[in-house]
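Let me begin by presenting the structure, written as structure tokens, before commenting on it.
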Amino acid sequence: MSVAEISLKNVSKTFSPGLFKKKVEAVRDLTLEVGKGEVYGLIGPNGAGKSTTIRVLLGLIRPTGGEILFRGEPPRHGEFQKEIGYLPENPYLYDYLTLEELLQFCGRVSGVGGEERRKRIDELSGKLQLTEALRRPLRTYSKGMLQRAGICFALLHDPAIVILDEPMSGLDPMGRKLVFDLVLELKEQGKTIFFCSHILSDVERLCDRMGVLVRGRLARTFGKSDFAAGCEAAVHLLLPPVEERLRPALEGLQGELVSVPDGLLLSFPAERLPEIAGALTRLGIGIRGTRSSRVSLEELFIETVGESS
Amino acid sequence: MNRVWALSVITYKEGIRNRSLFGILAFALFVLGLNISVAGFFMREVGKVTVDMNLSALTFSGLLLVFFVALHLMAKDIDKKTIQLVFSKPLSRGEYILGKYLGILFFVVVSLLALAVFSIATVSLVRGLYPNYFAGFSWPIFFTAGCFVLVQLAVLCAILILFSTVTTSSFASLIFTVCVYLVGVTIEDVLFYIQSGFRTEAISPVVQEVVKVVSYILPNFSMWDFKLEAAHGLAIGAERIGLGLGYAAVYIVVLLALATLFFQRREFN
Amino acid sequence: MAARKLFVLILIVFVGAGVHVGLSRKVWENRQEVRRTTQTGYVFPSQFARILALGHKGLYADYLFLNTLTFFGERQMYRENLTKEDWDYLVAGLDTVTDLDPYFLDPYVLGASLLTWDIRRFDDANRLLEKGTRHRTWDWRLPYYLGFNHFYFLKDYNKGAEYLMEASRRPQSPSFLPTLAARLSYYGDQARTGILFLMALISQTKDERLRNSLLIRKQALEGAALIEERIERFRKERGRAPGDINELLKEGYIEQLPEEPYGGKWLILPTGRVFSTSKFVAPPKKK
């Protein structure tokens, strides 16, 4: 197996905010690997430690334990930063600078030569539909424009690894589509993408692998492949909430039983449908409906979070 | 060095376009205008009063520049987490400190030069109106005093940067910097008062020692104050100029190195 | 690599701090020299100082007063003689301070003592004291100082007695004031009266330097009073005044001349008063 682009090994981070305040364990014993060309999505409820994970990865904060490896070695300052592009959540850029000046700065500190820099600026601002606004102070930008400007800033030096923290927040549907397509394009170019989000549909569509982070712990990881395999060719019956005494019987049906907001969802391979339908009739449980779609990520997410907390 | 330069350029641009600059400029122009109208009230010392008011206007505006705009330039990066973005680029903490400092310094110098143009115009005008009262006046001394206003501000900027690297809020760095400035401009009077043996109450030796230690740690801003010399046209010895510049340069280097040390330990959450 | 960078930084800090301390020492020496040799400062006339104070008149008054004190103290420390400009600066400073804050006691006291004993600018001193008397209506000390100035320096006994009566009417004034006032208007010019005044003054004075000078003065006056007393006895017994001090000694009216603390020689003035060649002024100190 080739060396992972980024790997976190047993990383944990505890904040000690002050003398008399409680310590906060933001990330606990986190181990994950992102391979070259992979799109990894880190999902989790607010305050799960997603941003902290990213900051540890970037070296903005020091982990209390564990180590971070970049291509199998501890990241070296300067070289590592040249290979990554980072978009923070709600980026605050400078008020009075124009986007062009900001991007020039970015290119210069990243060692992108003058001509190349010019080309990249035109190209990226065109792609993100900011060409018109290139010479306007950033103060006059709307929230969505700032988000897109932040993406330009992250991608200008053509990094191999892109780290996005909530890239879709604050964007309108058009903007989302724009960013979405851009990420797909990056994926095609073979970039490694690590992002965290709580907009699950985006994650679902973009990611090769996902990790669910709950209270600083990686509660579950699943790849797109096992996600699909487990669910394909299956029948999903939506059942009403049942009395406790009936539950063992339901569980005995050898299907996958998941709690959903309006009842229970029973999943099983299609060929067992007659058998299970009979069993349900015997138990006197009505069928509310079926879900033709596979189990939504949302439900898995809620389940995982529920289990871990 | 290219990276330091790039950062200082955007810092400078961000500062020079700040709206507060107009307010500060207006303030300085108001003081200078006041100077022209008030100058006639004084019977003998018109030249002196004019120089006093000009240099004080420059100093005050410079302080405003540092306390508001420069503070903003440094602290906003940390407050609003822009610094995380900056550090995701190949820029080391030391380069950041140096780049920010140079950018801020450049901004202060350019703004002050703009004010100096108005100041020179004012002095020339008043001098034209009351030519008899400018006997002791000398432009070189006036300019020297003006340059040392810049030196004071350069030291103050370094202090501001140091505090910004250790505190978590821009307000705290503002308060600390203002305090250091106030102590810096008064410490000399206090120290010499204590030593002078002319006082109404005995002063405990502990206080005396504390003041003495403080006088080594904090800068003595009077060293860079040549307002009196400029006002009366007294010659300034080369030794004082050299000593003043060296004192400032060494102090700034130490402060920036310390700031880098603190910054390297710091986490940006 | 990181460790080396850290090392370099720490090195810079330490070496820099060392150089800084060295330079600081030089800077302070330089400042001491500069302050000693520069001419007097300039005090903004009070009408401008009021504006400059930006609503913090009290604070500004305190600051100016401290400045004035330091200025004077430094000159004292280096035993430099103050020029007329220096004294003008002092007077202007005290004037402005008391204009800014007319209830501030310290500048009045400082002015009253420095301007009289050291430089004999009685008009300035009295002007300051009168301002204080007007404002600090509850304070007996200021009219008392005025009375003393009139008695001791200006020899205007009636006016002095008036001020003393004024002082005695104010709360907490010492009980001897009316007696002193009465005595002053009857036998104004006797050394004994001066001693009484001085004793009251000494009891009011905390400043070590001023107190010492008052004590010396008191010693001188006591000497003069003793001699005056002997002259009086001489006159009563012989029906004439002694020709000079030596005659008193020779005739046994006094066994030993009291020490003259200012280092002068005792004199008998034509008026019968006793004075000294030192004029009761300390010889100028040499650096």
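The analysis underlying the following values was restricted to heavy atoms, covering all of them including side chains, and did not include hydrogens, waters or symmetry mates. Proteins come first, then strands; the chains are lettered A, B, ... in the order of their sequence lines, and each starts at number 1.
Side-chain contact between Arg55(A) and Lys81(B) is present, with heavy atoms from C-beta onward closer than 4.5 Å. Inter-residue side-chain proximity for Asn18(B) and Tyr96(A) is flagged as met; some heavy-atom pair is nearer than 4.5 Å. With a 4.5 Å cut-off on side-chain heavy atoms, Leu93(A) and Leu85(B) count as touching. Counting only heavy atoms from C-beta outward, the side chains of Arg108(A) and Asn2(B) approach each other to under 4.5 Å. With contacts defined as side-chain heavy-atom distances shorter than 4.5 Å, the pair Lys89(B)/Lys82(A) does not qualify.
Shown here is Phe143(B), whose CZ atom has more than 12 heavy atoms of other residues, nucleotides or ligands within 6.0 Å. Around the OH atom of Tyr92(A), the shell of radius 6.0 Å holds more than 12 heavy atoms that belong to other residues, nucleotides or ligands. The neighbour count for Phe60(B) CZ, taken as heavy atoms of other residues, nucleotides or ligands under 6.0 Å away, does not exceed 12. Atom CD of Gln189(A) has more than 12 heavy atoms from other residues, nucleotides or ligands within 6.0 Å. Within 6.0 Å of atom NZ in Lys23(A), 12 or fewer heavy atoms from other residues, nucleotides or ligands are found, so the atom counts as exposed in its surroundings.
Only the backbone of Arg266(B) comes within contact range of chain A, judged by heavy atoms closer than 4.5 Å. Heavy atoms of Phe80(A) lying under 4.5 Å from chain B are absent altogether. Neither the backbone nor the side chain of Ala26(A) comes within contact range of chain B; no heavy atom of the residue lies under 4.5 Å from a heavy atom of that chain. Looking at Ile16(B), there are no atoms closer than 4.5 Å to chain A (heavy atoms on both sides), in backbone or side chain. In this structure, chain A has heavy atoms under 4.5 Å from both the backbone and the side chain of Arg265(B).
Arg139(A) and Glu14(B) are not joined by a salt bridge, as no carboxylate oxygen comes within less than 4.0 angstrom of a charged side-chain nitrogen. In this structure, Lys76(B) pairs ionically with Asp95(A), as a charged nitrogen and a carboxylate oxygen lie closer than 4.0 Å.
Interatomic distance, Ser88(B) OG to Leu60(A) CG, rounded to the nearest 0.5 Å: 7.5 Å. Going from atom CZ of Phe105(A) over to atom CD1 of Ile10(B) covers 4.0 Å, rounded to the nearest 0.5 Å. The CD atom of Glu267(B) lies 3.5 Å from the NZ atom of Lys13(A); values are rounded to the nearest 0.5 Å. With values rounded to the nearest 0.5 angstrom, Arg17(B) atom CZ is found 6.0 Å from Thr98(A) atom OG1.
Val109(A) approaches Pro90(B) most closely through the heavy-atom pair O-CG, 3.6 Å.
With Tyr94(A) as the aromatic partner, Lys80(B) does not meet the cation-pi criteria of under 6.0 angstrom to the ring centre and within 45 degrees of the ring axis.
Options Val86(B), Asp77(B), Ile83(B) differ in how many heavy-atom pairs under 4.5 Å they form with chain A, and the most are formed by Asp77(B).
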